[in-house]
Amino acid sequence: MKSQAIRLGVDIGGTFTDVVLEMDGASFSTKVLTTYSAPEDAIIDGMHGVCADAGIAPAQIGQIIHGTTLATNALIERRGAKTALITTQGFRDVIEMRTESRFEQYDLNLNLPEPLLPRQMRYTVAERMDAKGNVLIPLDRAEVEAVVDQIATAGYTSVAIGLIHAYLNDAHEVMIRDVLAEKLPDVMVSLSSEVSPQMREYERFNTVVANAYIKPLMKSYLGRLEGRLRDEGVTCNIFLMHSGGGIISIESAAEFPVRLVESGPAGGAVFAANVAARYGLDKVLSFDMGGTTAKICLIKNQTPKTSRVFEVARTYRFKKGSGMPISIPVIDMVEIGAGGGSLAHVDTMRQIRVGPESAGSEPGPACYGRGGDKPAVTDADLVLGKLDPTNFAGGSITLDKSNSETALATVLGDPLEMDVATSAFGLAEVVDENMANAARVHAVENGEDLSEYTMIAFGGAAPLHAGRLCEKLGVDRLLVPPGAGVGSAIGFLRAPFSFEANRSVYMKLSDFDADKIRTLLDDLQQEATGFVRSCDADSPILSEFKVYMRYTGQGWEIPIGLTEDQAMQPDAATFQARFEEDYTKLFGRPVAGMDIEITVWAVNATTPPEKVETVTQVEVPGQARDGSGLVRDLFDPAEASYVTATVHQRDQMQTGDQVSGPGIITEDETTIIVPSSRKAMRQPDGCIDVKAKG
């Protein structure tokens, strides 16, 4: 019998697919290699594994929540559908011209990502709305039909429609969609006024093109997944994690797949926020490292920081503006091509470089024995003693250390005249410093001091590197929660149902129109609530209001949160006071005598967050564990030499048990490395609490 209390969380990563089953307060999890050709195969295999462990049939599952990197990977690898763009005459090249912003001011040879669609796949119609949504040039239906005939002849699968100022008046975009529906009913259509109804045509056009580009792929995948699950007797509802940290229906995900571009990492941030709430932590650095990438996110007051623009496929690491902007609600994080499968090479300057290329699951790192001949981070971790070759991924994969040593010697050691251990040390240090540098940059951009933060580490590779990262960043405390190896999948099960509706309507405070604002926010609230209600018919729905404001003449806005009373009883003085308060926090002082503009209005509807029980933390450690005599040679980068580390089983540690570094704490899905400078203790909820000695 199906039970709503039995829930399955599934996260498809670039290397592993993580599956977590929760029922009656118990949790069962597994990691299986991602099957690229048919990602649903890994989900079915993982589901059978956890159901067998729990002693239930798949048909008893009451809810499935899924997140995936498939949308992001399709954009990065350019594996989308044959897509056309229909835009306003004169604006055909917007997605190629980008903006005037130069992220490297003096570089004459900037390497920018190519637009998703070449020029010959971009079509125009003579029409024009003005900046207030009034029709300047009417759209001629006959001209639209002629363009649609060209699209039919060329054999496109998907069409993006992005017209100037359509976020204010969508009439012309709707007309084009109607003509396409009549003449080409099998072609998928995406409207910019629905996908991203915001000002700035470059970001909006790029977002609607990305949505159209991946829509057939994602719709096909979600349909296949639903069919395979039905064949297994699973008839429950399937929901998807979206980039903003909430859950939407499978139908909404298929219609707006661009909202899934950061769904996996978003689940990880929700997981970290849940742990932060249990421990009453207001300043947390979330560190998620899997097989392909590492993600770093700042979590303040138990809430992940959010943004409304995200970049994919950056051509320059850490450089904002070097990627494709996607204008959607998203949890703000920095992502680095540094996972367990990230490959190393020696560049022309004879320096070790790691990533962003990844071995993925096919063929995987050299130690997998599946044909990989280049050294990956996992190969370095194995040689450095961080991994047990006989108990990787719960023993499902046996690692071959000799393959790792050969790859490290061939690619790094021989060219740089280093032994294998030094090559592995160099590779690991480059990866750790890349991640530390990304965290420093992200913190500085947000005006934060990381020494005041607690790190929460999860993902299969993060606990292997988190201790060293804390040493580099000056972070004194690290928490590794239970289930860390499958943290994002657990995060899916902690996320609320939510949807953010936003719209660009330009208004100066000097022209403040309270009635217009009230009507606009009420419309957005109803739109967002409708999406959430389609997923959850019974739970109460909360509304969060946000406006984006700036001083007149500035290029970008800052988000300003409003209470429901402030939003529904709008007052210019209140809006100004809230803006100046947040502006001062960011920049030190307000600017006197300048008018203020509002450009974007947003309402996020969400079900209430899961109730969290506070952990009664153990402050005084209990007995020191000796590891039952198990020891392993572990390379300590702080001492640049191998040390003898005690080995401990995580599931055998009791509350208050302490491990003094150097130490290794093992479990099926990950391994926690306790450096010589740290000590670890088990907290009552199973978290391993790693702190600096002294």
Side-chain angles (χ1 to χ4, degrees), residues 94 98-103 105 130-133 164-165 167-168 196-204 206-207 298 300-301 303 305-311 319-321 325-330 332 441-448 500-521 524 544-604:
V94 162
R98 301 172 64 92
T99 67
E100 65 181 7
S101 173
R102 291 177 63 84
F103 56 89
Q105 194 70 29
D130 69 13
K132 295 185 178 179
I164 289 296
H165 299 308
Y167 58 88
L168 292 169
S196 179
Q198 302 182 45
M199 59 186 280
R200 296 192 174 93
E201 61 269 19
Y202 168 51
E203 288 82 0
R204 180 163 53 91
N206 208 70
T207 304
L298 298 177
K300 293 191 70 175
N301 302 318
T303 304
K305 187 176 182 295
T306 57
S307 175
R308 62 187 181 91
V309 178
F310 169 74
E311 284 184 5
K319 296 291 184 182
K320 283 187 176 180
I326 304 296
S327 183
I328 55 169
V330 62
D332 188 20
V441 170
H442 194 50
V444 168
E445 287 175 347
N446 288 277
E448 297 296 329
E500 181 177 303
N502 51 43
R503 197 171 303 162
S504 281
V505 176
Y506 178 82
M507 184 182 295
K508 290 187 176 183
L509 283 193
S510 57
D511 299 322
F512 197 83
D513 187 334
D515 291 337
K516 184 177 181 180
I517 292 170
R518 195 179 298 111
T519 300
L520 172 61
L521 291 176
L524 290 173
E544 301 163 349
F545 299 84
K546 193 182 297 180
V547 292
Y548 290 79
M549 304 174 72
R550 65 187 183 190
Y551 284 113
T552 299
Q554 290 184 326
W556 287 92
E557 311 80 23
I558 63 172
I560 307 298
L562 300 172
T563 65
E564 186 157 4
D565 286 343
Q566 290 170 340
M568 291 309 183
Q569 299 174 21
D571 172 73
T574 301
F575 274 53
Q576 179 171 345
R578 284 289 299 109
F579 171 72
E580 290 180 345
E581 178 187 346
D582 285 8
Y583 192 90
T584 301
K585 287 179 182 177
L586 278 173
F587 302 109
R589 64 179 180 85
V591 181
M594 289 192 70
D595 204 351
I596 297 168
E597 303 169 337
I598 308 170
T599 60
V600 178
W601 312 74
V603 179
N604 183 53

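When a residue number appears, it is its place in the shown sequence, counting from 1.
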message: Can a donor-acceptor pair be found, under 3.5 Å and without considering hydrogens, that links the side chain of D130 to the backbone of K132?
response: yes
Taking the side chain as C-beta and beyond, is there a heavy-atom pair between F575 and L562 under 4.5 Å?
yes
Give a yes or no answer on whether the side chain of N206 reaches the backbone of P325 with a donor-acceptor pair at less than 3.5 Å. yes
Handout entry: Pair E557 + R200, salt bridge at N-O below 4.0 Å
Key = yes
Would you check if the side chain of Q566 reaches a backbone N or O of T563 as a donor-acceptor pair within less than 3.5 Å?
yes
Checklist entry - Is there a side-chain contact between I598 and Y548 (heavy atoms, below 4.5 Å)? => result no
From the list E203, R204, R308, side-chain hydrogen bond (donor to acceptor under 3.5 Å, both in side chains) with Q198 holds only for R308
| task | Return yes if some donor-acceptor pair links the side-chain N/O of R503 with the main-chain N/O of P197 below 3.5 Å, else return no. | result | no
Between E597 and Y551: side-chain donor-acceptor atoms closer than 3.5 Å:
no
- Answer with yes or no whether the side chains of D595 and S510 bring together a donor and an acceptor at under 3.5 Å. yes
To the nearest 0.5 Å, atom NE2 of H442 lies from atom CD of E448 at 9.5 Å
OG1 of T574 to CD1 of I560, rounded to nearest 0.5 Å, is 13.0 Å
Are V505 and K516 close enough, and set up right, to give a side-chain contact (heavy atoms from CB on, under 4.5 Å), and what steps lead you there?
CA-CA 10 Å; V505 176; K516 184 177 181 180; 3.9 Å; yes
I'd like to know if the side chain of S196 reaches the main chain of S327, judged simply by a donor and an acceptor atom lying under 3.5 Å from each other, with no hydrogens or angles considered.
yes
Taken to the nearest 0.5 Å, the spacing of R578 CZ from M549 CE works out to 9.5 Å
Would you say that E564 contacts E544 through its side chain, given a criterion of any heavy-atom pair below 4.5 Å between the two side chains?
no
W601 vs I517 side-chain heavy atoms within contact, under 4.5 Å | yes
Rounded to the nearest 0.5 angstrom, the CG-CG distance for N446 and D332 is 6.0 Å
Exercise for the section: Go through the steps to decide whether I558 and Y583 satisfy the test side-chain contact (heavy atoms from CB on, under 4.5 Å), and finish with yes or no. Expected result: CA-CA 8 Å; I558 63 172; Y583 192 90; 4.1 Å; yes
Should K508 and D511 be marked as a salt bridge (charged side-chain N to carboxylate O under 4.0 Å, His left out) after you check the CA-CA gap, both sets of side-chain angles, and the distance that decides it?
-> CA-CA 5 Å; K508 290 187 176 183; D511 299 322; over 6 Å; no
So, the side chain of D571 versus the backbone of A573: is there a donor-acceptor pair under 3.5 Å, distance only?
yes
Tightest non-hydrogen contact, residues P570 and A567, listed as CD-O, 3.5 Å
- Check: R550 side chain, I596 main-chain N or O, donor-acceptor pair, under 3.5 Å: no
Side chain to side chain contact (heavy atoms under 4.5 Å, CB included) test vs K546 passes for just one of V603, T306, N502, V600, namely T306
**Asked** Is any side-chain heavy atom of L168 closer than 4.5 Å to a side-chain heavy atom of Y506?
**Response** no
*asked:* Distance alone, cut at 3.5 Å: any donor-acceptor contact between the side chains of E500 and N604?
replied: no
Check: So, T584 side chain and R589 main chain: donor-acceptor pair closer than 3.5 Å or not?
Finding: no
